[in-house]
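Here the structure comes first, spelled out in structure tokens, and everything after it is commentary.
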Amino acid sequence: MRPRAPRAAPGSEPGTLYSDPEAAPPRVTVIAYGPLELTECPVDDLALLERMRGNWPVLWVNVDGVGHAPTIAEVGRIFGLHRLALEDLGDVQQRPKAEVYDDSHLFVSARMARMTPELDLEHMGIFLGPDYVVTFQERQGDPLEPVRQRIRLSRGRIRRSGPDYLAYAVLDAIVDNYFPVAEAYADSLDALEDEVLGRPGRATMERLHRTRRELMSLRRAAWPMRDAITILLREPMPLFTGETLVYLRDTQDHCVQVVELVDQYRELGASLTDLYLSSVSNRMNEVMKVLTIFSAVFIPLSFISGIFGMNVDHPDPVWWWNLPFAVGVMAGTAAMVLLWVASRGWVGNDRGG
């Protein structure tokens, strides 16, 4: 389990930002564009953002790293972001949600999912204003490169649309990236199913348990995202145009599909767990059946050998056929027991008695 990020001390004033002394310096980049113009560059001095704001139809600022409070506070000051939303950025375990702050801007907390090769859930904060989108990530690396390419190459309608469409495109890319993650678990469960039906071992159960735990984490990330998008659709927001809301409903539908897929895979994981336990129980029953057959064969043999081995006078102690006779009786008894067991179907097939 990933350790929880440090937070401000309990009882601190609401909106208090916390700096993580172990956090790497944040990396800030900006993409500013309109229908005909585009500029993209790293930001070494945050004053550049202040100069650029208001001079471009859409300004997309991305901050990689949420552990440096002065950077977060300065970006928040430039764009007038609410302190409570900025405080939520420091909690990387924050559940997805949507908050509207008057008509000036809104905040969406989302969870990005990827396989590395295990499940990696990363927190992202998205701010939408009248002429800007500001995104905060825990670290570098995200599923948003296709969105950046659409902006650079002027593909689709993104360059002709406002910041609300960019915010939708970011959310849509995050949600769509859940599908390859879910497909990876489908492949993993298929392999586990073959293993469970074959010769499962302790390692099989450990992988199955880990898969079910990660699917639960994936569901905890996808389910609140659906609720957050629903809030954006239901509450009146002047920041979203009616046309963008149509596209946002499609993202909500994708989110519902993700939740349904994850639920199906969780049910399959539970079924494989039951199948594994049943397989182990059946193997134990097979072992006990073999041991019981051996006991059924040797109990009468022990009885016969006990009688012939008693320390008492025999009517004919010099009879030469004593040993062959005893061995013959024991062999015949064992044969009859085995034939009876075979006739009941307890050896060589799966029929019950």
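Start at 1 with the first residue, then count along the sequence. Please read all numbers here as calculations on a predicted model, not as lab measurements. Side-chain atoms are counted along with the backbone in the values below, which use heavy atoms only and exclude waters and symmetry mates.
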Student check: side-chain heavy atoms of [X] and [Y] closer than 4.5 Å:
{"X": "Tyr132", "Y": "Val61", "value": "no"}
{"X": "Asn62", "Y": "Gln137", "value": "yes"}
{"X": "Ser217", "Y": "Leu121", "value": "yes"}

Distance check, rounded to the nearest 0.5 Å: [X] atom [atom1] versus [Y] atom [atom2]?
{"X": "Arg27", "Y": "Thr71", "atom1": "CZ", "atom2": "OG1", "value": "14.0 Å"}
{"X": "Leu268", "Y": "Arg266", "atom1": "CG", "atom2": "CZ", "value": "12.0 Å"}
{"X": "Arg148", "Y": "Thr29", "atom1": "CZ", "atom2": "OG1", "value": "6.0 Å"}
{"X": "Tyr33", "Y": "Ile151", "atom1": "OH", "atom2": "CD1", "value": "4.5 Å"}
{"X": "Met112", "Y": "Asn177", "atom1": "CE", "atom2": "CG", "value": "9.0 Å"}
{"X": "Ile31", "Y": "Leu166", "atom1": "CD1", "atom2": "CG", "value": "8.5 Å"}

Requested in this report: Flag yes if more than 12 heavy atoms outside Arg157 fall under 6.0 Å of its CZ atom; otherwise flag no.
Outcome: yes
Query - Residue pair Leu106, Leu232: steps toward the side-chain contact (heavy atoms from CB on, under 4.5 Å) verdict - result: CA-CA 9 Å; Leu106 60 86; Leu232 298 178; 4.3 Å; yes
Determine the minimum heavy-atom distance between [X] and [Y], stating which atoms define it.
{"X": "Met52", "Y": "Ala32", "answer": "CE-CB, 3.6 Å"}
{"X": "Leu38", "Y": "Trp56", "answer": "N-CZ3, 4.1 Å"}
{"X": "Glu122", "Y": "Glu138", "answer": "OE2-N, 3.2 Å"}
{"X": "Ala221", "Y": "Pro96", "answer": "O-CG, 3.5 Å"}
{"X": "Leu239", "Y": "Gly129", "answer": "CD2-C, 3.9 Å"}
{"X": "Ala173", "Y": "Leu144", "answer": "CB-CD2, 3.8 Å"}

With the 4.5 Å side-chain cut-off for hydrophobic clustering, are [X] and [Y] part of the same group?
{"X": "Tyr178", "Y": "Trp223", "answer": "no"}
{"X": "Val256", "Y": "Leu261", "answer": "no"}
{"X": "Met216", "Y": "Leu208", "answer": "no"}
{"X": "Val259", "Y": "Leu119", "answer": "no"}
{"X": "Val246", "Y": "Val175", "answer": "no"}

Query raised in the report: Would you call the rings of Phe179 and His254 parallel, tilted or perpendicular if under 30° counts as parallel and over 60° as perpendicular?
Result: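 Answer is perpendicular, since the angle exceeds 60°.
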Query raised in the report: For the residue pair Phe107 and Phe127, does the interplanar ring angle fall in the parallel (under 30°), tilted (30 to 60°) or perpendicular (over 60°) class?
Result: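 Because their plane-to-plane angle lies in the 30° to 60° range, the rings of Phe107 and Phe127 count as tilted.
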Short question: side chain of [X], backbone of [Y] - any donor-acceptor pair under 3.5 Å?
{"X": "Arg210", "Y": "Glu118", "result": "no"}
{"X": "Asp172", "Y": "Leu248", "result": "no"}
{"X": "Ser188", "Y": "Ala184", "result": "no"}
{"X": "Arg159", "Y": "Gly34", "result": "yes"}
{"X": "Gln252", "Y": "Ile229", "result": "no"}

Query raised in the report: Run the side-chain contact (heavy atoms from CB on, under 4.5 Å) check on Glu50 and Leu46 step by step: do they pass?
Result: CA-CA 7 Å; Glu50 204 160 12; Leu46 295 181; over 6 Å; no
Report task. Determine the sole option in Arg213, Arg212, Glu206 for which the side chain to side chain contact (heavy atoms under 4.5 Å, CB included) test with His209 is passed. Result -> Arg213
Report task. Test side-chain contact (heavy atoms from CB on, under 4.5 Å) on Leu48 and Cys41 and set out the steps. Result -> CA-CA 10 Å; Leu48 173 63; Cys41 62; 4.2 Å; yes
Query raised in the report: What do the steps show when you test Ile174 against Ile126 for side-chain contact (heavy atoms from CB on, under 4.5 Å), and what is the final call?
Result: CA-CA 11 Å; Ile174 292 174; Ile126 306 169; 4.2 Å; yes
Query raised in the report: Between Arg83, His123, Lys97, Arg95, which is the residue that forms a side-chain hydrogen bond (donor to acceptor under 3.5 Å, both in side chains) with Asp88?
Result: Lys97
Query raised in the report: Taking it one step at a time, do Tyr265 and Tyr185 satisfy ring-ring contact (aromatic ring centres under 6.0 Å, His included)?
Result: CA-CA 8 Å; Tyr265 296 151; Tyr185 283 109; 8.0 Å; no
